[in-house]
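Notes for the one structure printed next.
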Amino acid sequence: VTFLAPWALAIGGLAAAGAVLLHLVARQRPAAYLFPTTRFIPDRRTLVSRVATRPRDLLLLALRVLLLLSAAAAFARPVLAPAHDARARVILLDRSRAVASPAQAIAQARSLLADGVPTRLIAFDSAAGVALDARAALDSLAADSSRASAAIGSISGALVAARRAAPRFASAADSVELVLLSPVSAEELDAATDTLRARWPGRIDLVRVPGRVDSAQAWSLDRALDVDDPLTPALRRARVAATPTAVRVRRTAPSRADSAFARAGGTLVLWDTVGMVPRPAALAMGDDVLVAAMGRGAAPGGRTLARWSDGAPAASEQPLGAGCVRHVAVGVPLAGDLPLRPTFQRIARGLVAPCGQEGSLAPADTAALARLAGVGAQATGRSLAADQRSPSPLVPWLLGLALACAIVELLVRARMAPERA
Amino acid sequence: MTAGPYGSLLDAVRGVRWPAARRVGGATLGAHPSRLRGNSSEFSEFRPYRQGDDPRRVDWRLLARSDRAYVRLTTDRATLRTAVIVDASASMAFPLHDLAKWVRAKEIAVALAAVAHAEADPVGLTIAADAAVTLTPRARRSVIVEMIRALDATAPAGAPALAPHLSAARAPRVVVVTDLLGDVDELMAAAKLRIAAGGEVIVVHLVATEELDPPPDALLAVDPETAGMRRTLDGAARDEYRRAFSAWMEATAAAFRSARVRYFRAETSEPAAHVVRRVAGEVGARGR
């Protein structure tokens, strides 16, 4: 049994000691005596109390001490502590499309189980699920690993699941280790990630697994951009390969060949911004918001990928044959640092991604990774269990005992009253 | 029903006479000198005949011898109704371990009633309790047993007043057995009225030995009749208590006596028979 408010025990102990002391002091107090001629006794307050070596009224004293101690124990909020382990572990296993090799991630998770630390597994993509038996869950996931997930991962969701599950097992461990097995791509982070991360009271061990963007580029440009094209800095890492599934960026009006390219499964990005005058504007795509002097145009109907601050579409995608045509109405000025901004580069990479993959599979930036990992020690079990507000089952019994003692003490005192008062 | 534990007491007071303090009224033949003179056989004296005397009371033989008319006077005797009022307030239940004051009060009441009853006087009883019990004065044989039964069925409690019972008593001779810790002033006033009306009031003031000499240990005295009165009785206060209590007893006795109330103080250590003899003997001596 442990106590969440041990100071209440100290106060109760002091009160009980005070009760014993009072019984000792009252030892020599004159006994009450029914005396018909009391009126002839001078009315003076005479104190004849002295400290005695043995307390009087032992039954009353025992009841009072028991009352005080049981009430103090109840207010001290006792909890029955389960069997304790030094460590516990929570593994957040990324199952989203950002993971290049789910089997490899599962193997890495399985290796973490080798040390025998009690482990909970939370597999997540856009949703998170908690598995109490990590080995069985990994076996199940391994059997299903051949099917690639198309869902975008949400590390925020995984953190929420971990925080919710933590109190259930955190009280049984001194420290809780949170391991994130993920490539941690930019699309898996959102605006709530930092806030949710702060709710985990310890550091997070990041185990980076290979991401799809890290392996050989999942997509390539079918031809290189001009050197002076402002999109060049953003797409400098893209490979150039004239494959039917590559991405073609057209800075001018499309040709018939471009349409055939799209029908064959390619991604045709029409980013024609000729004549656009740069003006201050705000562009939002996913979690990225860019405020800069840009040329503003209107994208035609279709699936909207990016919007201006007033909600008008800035980029849209229309399917065409086996591929798609993507219209981008964002004018990039030839002068200025806009192409060099990381936000613009993330947006640009998203806009030239293959069809249906406007999210950025690029790894999160270093600062985001540092914020996600955090510093310091592992989370302690107590800090995770502190949010548990469920009352201890002992409390009502202790309060009931205190109440019973009070009633019995009252009855005993009333029974003693005729001879004492 | 028999007298039970009172048997030895009744034996001890058998033969004790309790004459009236003065000639009594009433025509019922009894043991006390009556204010009436006339028809009995107990000759008293001759008195010259006066106009209006009953001619049948003229002593004709003396008239023949002396040629003067004399009336033959005789002494009549009558009964005296007696009521005993017993204080059954909480202060009479003292000490707690043996209730000596209440036991002695019951014994004195029964013994006095038995003495009066032995002289053919009607005796009655009033138990001044929260639920008062009153037995009207009667001369029948069972009256003493009824009194014993009523007293034994009573437990002293509360703080009942005595004065109303004294005023309401239907007997010329009233005995009040009490510790005088209740309505003593009202009792005194009622006694004065009764004496002024020609009645006789006897107060037996019962005092417990423990009240005269409290236990030596320091104690917290609690008044059983006055709620909240608690005082510490220790060595220093004990002397003051004794002085105050003695002064009160003396002042009370003087006040009753000055009101022509026959006052007797009795301690619980004094046998009831002795108290009864004192009451009957003193009254008898004065009556003669």
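Below, read A as the first sequence line, B as the second, and so on, with proteins coming before strands; counting in each chain starts at 1. Everything numeric in this text was worked out from a predicted model, so none of it was measured.
Of the residues considered (A247(B), S89(B), P215(B), A93(B)), P215(B) shows the highest number of contacts with chain A, using heavy-atom pairs under 4.5 Å. Contact tally against chain A (heavy-atom pairs below 4.5 Å) for P224(B), A244(B), A90(B): the top residue is P224(B). Most heavy-atom pairs under 4.5 Å with chain A, from the set P214(B), P95(B), A208(B), S91(B): that is S91(B).
The CG atom of D133(A) lies 9.5 Å from the CZ atom of R120(A); values are rounded to the nearest 0.5 Å.
Looking at F94(B), only its side chain comes within 4.5 Å of chain A, counting heavy atoms on both sides. Proximity to chain A (any heavy atom under 4.5 Å) is shown, for E225(B), by neither the backbone nor the side chain.
Note: Y241(B) and F35(A) have tilted aromatic rings, judged against thresholds of 30 and 60 degrees for the angle between ring planes.
Scanning for side-chain contact (heavy atoms from CB on, under 4.5 Å) contacts around V184(B) gives L180(B), T252(B), F256(B), with sequence neighbours left out.
Cation-pi check for R277(B) over W18(B) is not met; the charged atom does not lie both under 6.0 angstrom from the ring centroid and within 45 degrees of its normal.
Between the side chains of S175(A) and T380(A), no donor-acceptor pair of N or O atoms lies under 3.5 Å.
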